Amino acid sequence: MNHNPDKSSSFKSRDHDHKNSVPRAESLKSSKEKDPAAADKNETNEQGGEAKESEVKYTLEKAWEDIQHFLSGEEGLEIPDIIDKYLDLVEHKVSRLEVPEKSKGCPVPDPEDDGWFHKVVEQMSKLHRHVSTVFKPDSSRGPLINRIGRIHQRVMSYLEDEFRVLLEESRTVEAAADQSPDAGQDQAKEEPKFPGYSKQVLATLNKISKLMISGGYEFECYEVYMVTRRNTIEETLNKLGFEKISLDDIQRMQWEAMEREIPPWVRAFKECANIYFSAEHKLAQTIFSDNPSVAKSLFANLIRVLFLQLLNFAEAIALSKRSTEKLFKFLDIYETLQDHSSAIDSLFPEECAKELKAELTATRSKIGETAICIFCDLENSIKSDTGRTPVPGGAVHPLTRYTMNYLKYACDEYKDTLEQVFKEHSTSKPRDYQGNSQSNNDENQSPFSRHLIKIMDLLDSILEAKSKLYKDVALSNIFMMNNGRYILQKIKGSPEIHQAMGDDRYKKRSYELRNYHQSYKRETWMKLLDCLNMEGLNVNGKVVKPALKERFKSFNAMFEEIHRTQSSWVVSDKQMQSELRVSIAGVIIPAYRSFLGRFSGYLTPGRQTEKYIKFQPEDIEAYIEGLFDGSTSSMPRRKT
C-alpha cells in the first residue's frame, strides 16, 4: 500500500534543523542558576511531568496490549472503546514533539529515548492497515477510521523528518571536521570516511526505512533518500572542483576555460569509480537490508544520473573544435574512462550495467576517434607551414622543434594509450610508404607507429623543401644538419619513439646526417683546399712566384669570406658544433701548414711576406673556433 496524503499546513513549513533545539537538562540548569526558588518550582513541575510521562507510557503499553486482541480477531469485528483512549494517549505524546512553525527546531525524537516513538509508529501502522482493510470508510465507524488515518499520517510525517535529518547528518559531520581548527593527525585518522555515518545512525536509518515501507510510505522514504544522497554526492564532487555544467555551456567555452575543467572531472570520475560508487552501494544495502531489490534499484537510479552526467561532460568535450594542443587532455579523459569501467560491472544490476557500459563505450569511442583526428591534424599543421623566409643562420626550424617535442611528449607520456586508441578506433587502413627502403617492415608495425613514421617522413620532406630557400648550398646543408641532429637527439632521448620507428630508420637518419656533413665540407672547405694545390706552381723545377702569390691571395680572400659569412651561421648542438670544427681543422690546418712550410721561403721577407702570408696555422685554428656561434665577428689579429 502506498499512501501519499497531503500534509497539514503545520507540517509544510517546518524547518528540519534539530541541532538548534536546546536540551531540556541544559534549560533546567540555566533556570536554576538565574532563580533558585523558581528552579525548585520548575523541578517539582518536571518531576510531576515525568510521573505523568510514566503513566502515559504505561497506559500506551497497556492499551496496545488490549488492541492486540482486536487485531488478532479475538474481539470480533467491533472496534473496542480502548482504541479512542489509545489515540488520545498517542496524540498527547506526539504533541510534545510539535514546535512552532517559525522555529528552526526539528520535531524529531531524541535518539537517547527508549524508542517509544518508533514503537508508536509501528503500532499506528498496524492499526491503520487493519481498519483500512476490514472496515469501509463510509461505515458507522468512519470518523474513527479517519482519525486513525490522520494520526498515522502525522507520525509518519515526523518519521520522514527524522529520516531526512539523519541522512543529512553526514554532511554536518564532514563540515564540522573540515572546520575544526585543532584537528591533529590522530583526529584526522578518526574522521568518518564517505559517506560518513556512524553505526548508531545507520542502525536508526535502517529501522526507519523498515517502518516507512511497512507503513505504506515507501514512496516518501525513497524520495527522501534519493534527494538527500544526490545532494550529498554533488556537494562532495563540488569539493573536488567538479561542478555540473550543461552541454551548451561547455560548447560555448574557450579552450582555456574548458581545459581547466578537465582535471577536476578526471579526479571526480576516479573518486566516484574507486570510492563513492561502492560506498553508496554499501550504504543502500545497509539502510534497506530487508529489501535487497529496493537497495539495488535506489542505488542504480541514484548513480545512473550521476554517471551519465559525468559522461555528458566527456562527450561535450569530444564535440568541441579540434586542435593539436587538445590531444593530451583528450587522452587523459580516454584513460580515465578506460581504466575505471570495471566499476560498472561489479556494482550495477545487469540491465543497468549493460546500459551504462554501452554509454561509456560510446563516449570512449568518440573521445578516441577525436584523439586520432587531432593527432592526424598534426600532418595538416606541418603541411600548412608554407613560409618562404629561411631561418637565419640555418638554425633549427620552429616547426621541427614543435613537431618533435609534440611527438616526444605524446610517446613518453601516452604511447600505450595511443597504441590502443589507434588499434581500436582507427577506421582507415594504413597507407603504403612508396620508395621507402623499410616499407617491407611496415606490416609488422602498429597503426600508431606507422602514423608516427608518416608524420616524421612528412617533416623531412618539408624541411628538404625549406632547405632550398637558402641561396648558399653550404648553408642549406648546415640547416639540414641542424634539423637532422635535433630530430636524432629527440629520438635518442625517447625510447618510445626509437622503438616505434625501429633501428633501421634511426641508422638511416644518422647516415643522412653524415652525408649533409660531407656535402657541407665539399661546398666550402674543399674549394678552399684548391687554393693550396701545388699544380702549376713548379715550371722546369722552379717556383713561379706570380702564381704562388696568386695562390696565397686567393686563399686569404676565400678564408676571410668564409669566416665573415659562417661566423653568423648557427650550429645549435654543442657536440655537433665541436665535431664540425674539429673536422674542418683536420682538413685545412695540416694542408695549410704543409703549403706554408714548403713555399713561404720563396717570398721576400718583410713587406712581401706580410702582404701574402696573412695567417699562421694557429690563426686558422682560432678562426675556425669562431665559426657557427651565430654572431658576426671580425678577424682576430694574426700572429707573427
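What you see is a predicted model, and the numbers here were worked out from it, not measured in a lab. Each residue takes its place number in the sequence, starting with 1.
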Is Lys408 salt-bridged to Glu496, cutoff N-O under 4.0 Å?
no
If only side-chain N and O atoms count, and only distance matters, is there a donor-acceptor pair under 3.5 Å linking His152 with Tyr217?
no
Determine, for Arg260 against Glu256, whether the closest basic-nitrogen to carboxylate-oxygen distance falls under 4.0 angstrom.
no
Rounded to the nearest 0.5 Å, how far apart are OG1 of Thr228 and CD of Glu223?
9.5 Å
Would you kindly say whether Ser446 and Ser449 are connected by a side-chain donor-acceptor distance under 3.5 Å?
yes
Got a salt bridge between Lys508 and Glu512, using NZ or NE/NH1/NH2 to carboxylate O under 4.0 Å?
yes
Evaluate the salt bridge (Lys or Arg N to Asp or Glu O under 4.0 Å) criterion for residues Lys326 and Glu259: first the C-alpha distance (whole Å), next the side-chain angles of each, then the deciding distance (0.1 Å), finally the verdict.
CA-CA 8 Å; Lys326 296 182 180 181; Glu259 187 178 23; over 6 Å; no
Is the backbone of Glu335 close enough, under 3.5 Å, to the side chain of Thr417 for a donor and an acceptor to pair up by distance?
no
What closest approach, in Å, do Asn482 and Ala395 show between heavy atoms, and which atom pair accounts for it?
ND2-CA, 3.9 Å
So if I apply the side chain to side chain contact (heavy atoms under 4.5 Å, CB included) rule between Ser572 and each of Arg401, Arg485, Met481, Gln489, which one comes out positive?
Arg401
State, with a plain yes or no, whether a side-chain heavy atom of Ile250 is found less than 4.5 Å away from one of Asn312.
no
Counting C-beta onward and ignoring hydrogens, is there a side-chain heavy-atom pair between Ser365 and Glu424 closer than 4.5 Å?
no
Residue pair Ile462 / Asp385: nearest heavy atoms and the distance that separates them
CG2-O, 4.5 Å
Can you check whether Leu167's main-chain N or O pairs, donor with acceptor, with Tyr197's side chain at less than 3.5 Å?
yes
Arg164/Glu160 under salt bridge (Lys or Arg N to Asp or Glu O under 4.0 Å): CA gap, chis, key distance, verdict:
CA-CA 6 Å; Arg164 180 184 297 104; Glu160 180 182 336; 3.1 Å; yes
Please name the pair of heavy atoms, one in Ile374 and one in Ser323, separated by the smallest distance, quoted to 0.1 Å.
CG2-O, 3.3 Å
Classify the angle between the aromatic ring planes of Phe288 and Tyr225 as parallel (below 30°), tilted (30 to 60°) or perpendicular (above 60°).
perpendicular
Pairing donors with acceptors under 3.5 angstrom, does anything connect the side chains of Asp412 and Ser494?
yes
Say whether Glu379 and His451, considering side chains only, have a donor N or O and an acceptor N or O under 3.5 Å apart.
yes
Under the side chain to side chain contact (heavy atoms under 4.5 Å, CB included) test against Leu407, which residue among Ile491, Ile455, Ile487 passes?
Ile455
Keeping Lys357 on the side-chain end and Cys352 on the backbone end, is there a donor-acceptor pair under 3.5 Å?
no
Answer whether the closest heavy-atom distance between the side chains of Ile497 and Lys490 falls below 4.5 Å.
no
Within a strict 4.5 Å, meaning less than it, do heavy atoms of the Lys415 and Phe448 side chains meet?
yes
Can a donor-acceptor pair be found, under 3.5 Å and without considering hydrogens, that links the side chain of Asp377 to the backbone of Thr324?
no
Please check if atom CD in Glu325 has more than 12 non-hydrogen atoms from other residues, nucleotides or ligands closer than 6.0 Å.
yes
Evaluate whether atom NZ of Lys207 has more than 12 neighbouring non-hydrogen atoms of other residues, nucleotides or ligands under 6.0 angstrom away.
yes
Yes or no on side-chain contact (heavy atoms from CB on, under 4.5 Å) for Ile453 and Gln445, after CA distance, side-chain angles and deciding distance?
CA-CA 10 Å; Ile453 293 169; Gln445 291 173 328; 3.4 Å; yes
How about Met404 and Met456: do any of their side-chain heavy atoms sit closer than 4.5 Å?
yes
Could you go through the salt bridge (Lys or Arg N to Asp or Glu O under 4.0 Å) check for Asp460 and Arg509 one step at a time?
CA-CA 10 Å; Asp460 289 339; Arg509 287 181 173 275; 2.6 Å; yes
Ring centroid separation for His397 and Tyr402, is it under 6.0 angstrom?
no
Flag, side chain of Asn291 to backbone of Ser293, donor-acceptor distance under 3.5 Å:
no
ring-ring contact (aromatic ring centres under 6.0 Å, His included) for Tyr406 and Phe328? Distances and angles first, verdict last.
CA-CA 10 Å; Tyr406 191 92; Phe328 306 118; 5.1 Å; yes
Residue pair Leu306 / Cys272: nearest heavy atoms and the distance that separates them
CD2-SG, 4.0 Å
Kindly indicate whether the side chain of His340, heavy atoms from C-beta on, has any atom under 4.5 Å from the side chain of Thr336.
yes
Answer yes or no: is there an ion pair linking Asp504 with Lys507, defined by an N-O contact shorter than 4.0 Å?
no
Might you work through the side-chain contact (heavy atoms from CB on, under 4.5 Å) test for Asn238 and Phe242, ending with a clear yes or no?
CA-CA 5 Å; Asn238 288 343; Phe242 176 74; 5.9 Å; no
For the backbone of Leu310 and the side chain of Trp265, can you confirm whether one donor and one acceptor N or O come within less than 3.5 Å of each other?
yes
Enter the distance from Trp255:CH2 to Met253:CE here, rounded to the nearest 0.5 Å.
11.0 Å
Strictly under 6.0 Å, is that where the ring centroids of Phe277 and Phe299 end up?
no
Exercise: do His118 and Glu162 side chains pair donor with acceptor under 3.5 Å
yes
Hey, does the side chain of Ser467 reach the backbone of Glu464 with a donor-acceptor pair shorter than 3.5 angstrom?
yes
With no hydrogens and no angle check, just 3.5 Å: does a side-chain donor-acceptor pair link Ser246 and Asp249?
yes
Can you confirm whether the side chains of Asp332 and Tyr414 place a donor and an acceptor under 3.5 Å from each other?
yes
Got a donor-acceptor contact below 3.5 angstrom from the Gln285 side chain to the Pro292 backbone?
no
I'd like to know if the side chain of Thr286 and the backbone of Lys282 have a donor-acceptor N/O pair within less than 3.5 Å.
yes
Are Tyr276 and Phe269 near enough that their ring centres are under 6.0 Å apart?
no
N/O donor-acceptor pair under 3.5 Å between Ser426 side chain and Lys423 backbone:
no
Can you tell me how far CZ of Arg322 sits from CD1 of Ile372, rounded to the nearest 0.5 angstrom?
11.5 Å
What's the verdict on side-chain contact (heavy atoms from CB on, under 4.5 Å) for His498 and Lys492, showing C-alpha distance, side-chain angles and the deciding distance?
CA-CA 7 Å; His498 196 154; Lys492 184 178 180 181; 5.8 Å; no
For Ile333 and Ala314 the tightest heavy-atom approach is CG2-CB, 3.9 Å
Less than 4.5 Å apart, side chain to side chain, heavy atoms only: is that true for Asn483 and Leu459?
no
Considering only heavy atoms from C-beta outward, does the side chain of Ser461 approach that of Leu458 to under 4.5 Å?
yes
Evaluate Phe348 against Glu355 for side-chain contact (heavy atoms from CB on, under 4.5 Å), listing each step before the verdict.
CA-CA 10 Å; Phe348 290 90; Glu355 176 200 357; over 6 Å; no
Least distance between heavy atoms, Gly368 atom then Val421 atom:
O-CG1, 3.4 Å
